[in-house]
> 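Below is a structure I'd like to ask you about.
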Amino acid sequence: MSVANLTRESRSITFSGNGILKSKHKWESGLKLRKNSSKDLRRLVFRAPCPIGTTNRFNWWSERSVDCRFDGTPAYFILEQWNYLKIESSNYRINYLYHFNKVEMKREKIADVLTNGQVGNDVLVKGWVRSFRANRFVAINDGSTIKNIQAVVDFENFDESLLKRITTASSVAVSGKIVASQGAGQAIEIAVEHVEILGDANPEEVQKTVMQPKKHSMEFLREQAHLRFRTNTFGAVFRIRHAVAYAIHKYFNDEGFYYLHTPIVTASDAEGAGETFNVTNFDPANPPLDENGAIDYSKDFFGKPVNLTVSGQLEAELGALALGQVYTFGPTFRAENSNTSRHLAEFWMIEPEVAFNDLKDNMDLTEMFLKYIAKYVLDNCSDDLQFLHDREVKEDAQKPTAERNELNLIDRLKFVVDNEFKRLTYTEAIEVLKRSKPYKKKKFKYPVEWGVDLSSEHERYLVEKEFKCPVILSDYPAEIKAFYMRQNDDGKTVAAMDVLFPGIGEIVGGSQREERLDILKSKCADFEIPEEDLWWYLDTRKFGTVPHAGFGLGFERMVMFATGMTNIRDVIPFPRTPQNAEF
RNA sequence: GCUUCUUUAGCUCAGUUGGUUAGAGCAUCUGACUGUUAAUCAGAGGGUCCCAGGUUCGAGCCCUGGAAGGAGCGCCA
């Protein structure tokens, strides 16, 4: 605490001889002294009737003294919580008294107190009450860590009406001394000297929310997405979500990539990645029409129909073909009516794009990148990860053996870090599937033939049954992939790759891009994409075209993998799905 | 969009062939207790049985229609 924090009070008091200054203010807390005679001031003794926060009983006294020397300059003393001043000398003038109405200690984050707190130190923490047990133990969480700090109040010395307001979900500021805990659950705790209620929480209303201290279903938590941050599970999920985002930026930065911001509003829907959300300023009931009765978009804000981006890839390619290696990391919008636990209408996507990379370089980059993220989370989120891990173990224990995870959360992350991804071509995958038991027993619902897109059941079989590790499938038939993917020499397949993760399915889709102008133009024709819509994209193939490759990672799918959450709506703060845009 | 399951107290769920006043655990409130950590003990309050219509002497339960949510599939990241 610095003196600058104090409010100066304009009064001057002169002492002659030993004396006691009794303050008018209950919590007078600082003073500035100036030597007023030749004699040295030896010692200041501060005396208090009782600690702040206890009831006003003057049944004991406590003293704290400060030795001091003056060299002519003013000296400051901080007398927090002491409201009597006794001066053991004479002839000193107190130039100023400083005071404030509450203890202005610096608030410390609970994470810091738990890791660095020294027994005997004074601390101030602020946070939300998770539980208040036995009228004595307040568990406080401030979001800095999944761990709560235990604040112990001697309820005998506190006002009952104050303690009544310490309820689940209320917010408090608590100060006191760090002491070694007598209980088993924690090493240190705060012996509370002062409690302030920052915000009350009516228990009758709290019990209707996800903050009531009990286990809740994921569906109920989702209905209260604005409050679910207060729970351990979602606290952990969103701290890990942040860590994954940071790890992504750190990886690319350290590898010399540039973060490229591609537009959210775009006229490009040529990629065919999916249905788009249209953006217009027209009054939907009364849009301007042209002479044919069609909506006249030339009068709209952008002068043509535009939509929210479905991918920043095409723009990222433009950047990569000058800056060398770039990545995007931004929101992406798909208006498909997808009702699954793996799809959102608004999600975040990471799309690196690297000049001079071929498909193998692309696979190497993907694998190193995904391993880096997994390792980063293991190294930096151990408390949150352990909580989610234990949660999953407990839930698995109640499921039949067949439905349990073969590896638990932490082991799955370690597995990704420690093991090579299995790489095989689409053609090889079809052969593996045709040799498989479910194929021979006709258990697959969808056909397995060269040329058809693999469905979830096939991908799951490869990842979860056959190889039991992340799988990179490559070289798909051209017909089932996008127009920009580079045609292989066989003329039938393209240099595409998908990374399949256990439990998640496709987490990454990427390819080497078609850099040859003539082939790209004929692909545009095949896919019925007008060249004039993509003139800017085709331009890069005219002026010093080079091989290049990139991929898209669904951010939320990565967070699902890192947290073990099984529904994508539980890894984004406010999910956007068909028929749902609450909050 | 398709298939399928679910909807009963604040939450998670029981509720028998259609039969009296719809239950439990947790949560909340009141009291007791006080070094607890899913605290304990005693008591209390709390219900549009998703909605609408129908069958029946009688419907939480049966029938018809609708709504919301979950899981799986398709599309994809």
Side-chain angles (χ1 to χ4, degrees), chain A residues 130-140 147-156 164 167-169 179-186 189 191 201-224 232 271-275 310-313 331-351 366 394 403 444-446 453-460 480-482 498-501 504-510 551-561 566-570 572 577-580 582:
Chain A
R130 284 294 177 80
S131 69
F132 186 24
R133 280 185 300 276
N135 214 19
R136 187 186 294 276
F137 304 100
V138 191
I140 303 171
K147 291 177 181 162
N148 302 328
I149 197 157
Q150 175 156 288
V152 184
V153 291
D154 286 315
F155 55 83
E156 301 87 349
K164 268 255 191 272
T167 57
T168 300
V179 297
S181 178
Q182 299 171 37
Q186 56 283 317
E189 62 194 20
N202 179 352
E204 304 272 356
E205 289 182 52
V206 168
Q207 74 146 340
K208 293 177 183 171
T209 73
V210 297
M211 294 178 294
Q212 74 163 260
K214 70 181 295 292
K215 195 176 185 312
H216 301 288
S217 68
M218 282 295 143
E219 292 78 28
F220 185 55
L221 285 155
R222 220 168 281 148
E223 285 169 18
Q224 297 185 19
N232 283 334
E271 197 208 337
E275 293 289 310
V310 293
S311 165
Q313 182 206 311
T332 312
F333 307 86
R334 306 265 168 97
E336 277 139 21
N337 188 15
S338 293
N339 293 292
T340 81
S341 52
R342 304 181 308 282
H343 289 87
L344 291 166
E346 176 184 293
F347 65 101
W348 289 65
M349 189 153 64
I350 298 97
E351 295 173 292
T366 311
K394 261 181 236 162
E403 289 175 26
F444 285 137
K445 200 173 151 194
Y446 291 88
D453 210 352
L454 299 179
S455 66
S456 301
E457 59 174 351
H458 306 135
E459 293 178 352
R460 291 183 95 119
I480 61 173
K481 287 289 179 182
D498 283 353
V499 180
L500 311 177
F501 263 34
I504 314 260
E506 184 178 346
I507 195 167
V508 163
F551 62 84
L553 167 70
F555 181 58
E556 281 77 18
R557 292 192 181 170
M558 189 67 212
V559 179
M560 283 172 83
F561 185 74
T566 53
N567 191 314
I568 200 163
R569 294 166 199 139
D570 298 328
I572 188 167
T577 52
Q579 299 299 311
N580 188 354
E582 195 63 53

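The sequence lines fix the lettering, A, B, ..., with proteins before strands; numbering per chain opens at 1.
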> Determine the contact category for A:Asp453: base if any of its heavy atoms lies under 4.0 Å from a base atom, sugar-phosphate if only primed atoms, P, OP1 or OP2 are that close, otherwise nothing.
sugar-phosphate
> Considering only atom C1', compute the distance from B:G58 to B:G54 and round it to an integer number of Å.
15 Å
> Say you pick atom P in B:C29 and the same atom in B:A71; how far apart are they, in whole Å?
33 Å
> Without swapping roles, check the side chain of A:Gln150 against the backbone of A:Gln186 for a donor-acceptor pair under 3.5 Å.
no
> Determine: side-chain N/O of A:Thr340 to OP1/OP2 of B:C76, distance under 4.0 Å, yes or no.
no
> When we call it a touch if two heavy atoms are under 4.0 Å apart, what does A:Glu459 touch: a base, just sugar-phosphate, or nothing?
nothing
> Taking A:Thr340 for its side chain and A:Arg342 for its backbone only, find out whether a donor-acceptor pair lies under 3.5 Å.
yes
> Would you say A:Arg136 places a side-chain N or O within less than 4.0 Å of OP1 or OP2 belonging to B:U37?
no
> Select base, sugar-phosphate, or nothing to describe what A:Phe220 touches, counting heavy atoms under 4.0 Å on all strands.
sugar-phosphate
> For B:G60 and B:G47, measure between their C1' atoms and round to the nearest Å.
11 Å
> Salt-bridge test for A:Asp453 and A:Lys481: reply yes if a basic N is under 4.0 Å from a carboxylate O, no otherwise.
no
> Respond yes when some side-chain nitrogen or oxygen of A:Asn337 is under 4.0 Å from OP1 or OP2 of B:G1, and no when none is.
yes
> How many Å lie between CG on A:Asn135 and P on B:U40, as a whole number?
16 Å
> C1' atom, B:A39 versus B:C61: distance in rounded Å?
40 Å
> Distance alone, cut at 3.5 Å: any donor-acceptor contact between the side chains of A:Arg130 and A:Asn232?
yes
> Taking the C1' atom in each of B:A67 and B:G53, what is the distance between them to the nearest angstrom?
15 Å
> With a 4.0 Å cutoff (strictly under), does any side-chain N or O of A:Arg557 reach OP1 or OP2 of B:C76?
no
> Looking only at atom types and distance, does a side-chain atom of A:Ser455 sit under 3.5 Å from a main-chain N or O of A:Tyr446, one as donor and one as acceptor?
no
> With a 3.5 Å limit on both atom pairs, tell me what B:G1 is paired to, counting Watson-Crick and G-U wobble, or say none.
B:C73
> Rounded to the Å, how far apart are A:Lys214 NZ and B:A39 P?
13 Å
> In whole Å, measure the gap between the P atoms of B:A9 and B:G65 for me.
26 Å
> Reckon A:Ser181 touches a base, only the sugar-phosphate, or nothing at all at heavy-atom distances under 4.0 Å?
base
> If you look at every strand shown and take non-hydrogen atoms under 4.0 Å, does A:Arg342 touch a base, only sugar-phosphate, or nothing?
base
> Which residues, if any, of residues 202-211 of chain A bring a heavy atom under 4.0 Å of RNA chain B?
A:Pro203, A:Glu204, A:Gln207, A:Lys208
> Whole-Å distance between B:U36 C1' and A:Asp154 CG?
14 Å
> Regarding A:Ala139, tell me which of base, sugar-phosphate or nothing describes its non-hydrogen contacts under 4.0 Å with the strands shown.
nothing
> With C1' as the reference atom in both, quote the distance from B:A22 to B:C13 in angstrom, rounded to an integer.
14 Å
> Would you classify A:His216 as touching base, sugar-phosphate or nothing, given that sugar-phosphate means primed atoms plus P, OP1 and OP2, and contacts are heavy atoms under 4.0 Å?
sugar-phosphate
> If each of A:Gly185 and A:Lys215 is mapped to the nucleotide of RNA chain B with the nearest heavy atom, which maps nearer the 5' terminus, i.e. the 5' end?
A:Lys215
> Under 4.0 angstrom, heavy atoms only, what part of the nucleic acid is A:Gly552 near: base, sugar-phosphate, or nothing?
sugar-phosphate
> Is any side-chain nitrogen or oxygen of A:Ser217 closer than 4.0 Å to OP1 or OP2 of B:U12?
yes
> What heavy-atom pair brings A:Ala169 and A:Met211 nearest, and what distance separates the two atoms?
CB-SD, 3.7 Å
> With heavy atoms under 4.0 Å as the rule, sort A:Leu344 into base, sugar-phosphate or nothing.
base
> Mind checking A:Arg130 for me? I need base, sugar-phosphate or nothing, with any heavy atom below 4.0 Å counting as a touch.
nothing
> Looking at B:C76, I'd like to know if its phosphate oxygens (OP1 or OP2) sit under 4.0 Å from a side-chain N or O belonging to A:Arg334.
no
> Would you confirm whether A:His216, through its side chain, and A:Leu221, through its main-chain N or O, come within 3.5 Å as a donor-acceptor pair?
no
> Figure out the CZ/P separation between A:Phe137 and B:A38, and round it to whole Å.
13 Å
> Please classify the nucleic acid contact of A:Phe555 as base, sugar-phosphate, or nothing, using heavy-atom distances under 4.0 Å.
nothing
> Does any nucleotide pair with B:G53 by Watson-Crick or G-U wobble geometry, both distances under 3.5 Å, and what is it?
B:C63
> Does A:Gln186 reach a base, just sugar-phosphate, or nothing at all? Heavy atoms under 4.0 Å.
base
> Between A:Arg222 and A:Glu582, is there a salt bridge with N-O shorter than 4.0 Å?
no
> Determine whether a donor-acceptor pair (N or O, by modelled atom type, separation under 3.5 Å) exists between the side chain of A:Gln207 and the backbone of A:Asn202.
no
> How about A:Thr168 and A:Gln212: does a side-chain donor come under 3.5 Å of a side-chain acceptor?
no
> With sugar-phosphate meaning primed atoms plus P, OP1 and OP2, does A:Asn339 contact a base, only sugar-phosphate, or nothing at under 4.0 Å between heavy atoms?
base
> Please report the distance separating the C1' of B:U12 from the corresponding atom of B:A38, rounded so that it comes out in whole Å.
15 Å
> Without decimals, in angstroms, what is the distance between A:Asn232 CG and B:U37 P?
17 Å
> Students often get this wrong, so: under 4.0 angstrom with heavy atoms, is A:Glu457 touching a base, only sugar-phosphate, or nothing?
nothing
> Within the modelled atom types, does a donor on one side and an acceptor on the other bring the side chain of A:Gln212 and the base of B:U28 under 3.5 Å apart?
no
> For the base of B:C73, is there a side-chain donor-acceptor partner from A:Ser456 under 3.5 Å away?
no
> Starting at the 5' end of RNA chain B and moving along, which residue's nearest nucleotide shows up first, A:Glu506 or A:Arg222?
A:Arg222
